[in-house]
Amino acid sequence: AADPAVHSARADRLGLALLVPTAIYIGYFGAGAAVMLLAILSLGHDRDFRTANALKNLLAGVASVIAVVIFIASGSVAWAPTIVMMAGAFTGGYAGARLARVVPAPFLRVVVIVVGCIVTAVYARRYWLLPSP
């Protein structure tokens, strides 16, 4: 464990093992995927948060494109809501990338963690504490 190269190799194997189910999840649902990908990409590495964020965007994009191809080929796409969601995703992605360049990395890291915790708490509360209608 004291050798950073060995630790990094272990973290890389663990990260790869975690990326496979996460990629499937992204293709099927995707909510909260950014937080999961950032956590996986941060395993065992002291890389810059902005680099991890860019890699996260690339991985999520590739997983989403593969899912889109599968859904289109199977005829499972409702096109009207899809167009609206695509417009929002492109706008948010562009604005987020611009903000990531100017917002300090430590602050951005805290925001991602806080938002991830809030979303987790809200959905856990809805799932476990609120009765189903």
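All residue numbers refer to positions in the sequence shown, counting from 1.
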Using the rule that two of Ile, Leu, Val, Met, Phe, Trp, Tyr join whenever any of their side-chain heavy atoms come within less than 4.5 Å, decide whether [X] and [Y] are in one cluster.
X	Y	result
I118	V35	no
L55	L18	yes
V103	V112	yes
M86	V65	no
I40	L14	yes

[X] side, atom [atom1]; [Y] side, atom [atom2] - distance, nearest 0.5 Å:
X	Y	atom1	atom2	value
W79	I72	CH2	CD1	4.0 Å
R109	N53	CZ	CG	10.5 Å
L37	L19	CG	CG	6.5 Å

*Write down the atom of P81, the atom of A78, and the distance for their closest heavy-atom approach.*
CD-O, 3.4 Å
*Do you know which two heavy atoms are closest between A23 and A63, and how far apart they sit?*
O-CB, 4.0 Å
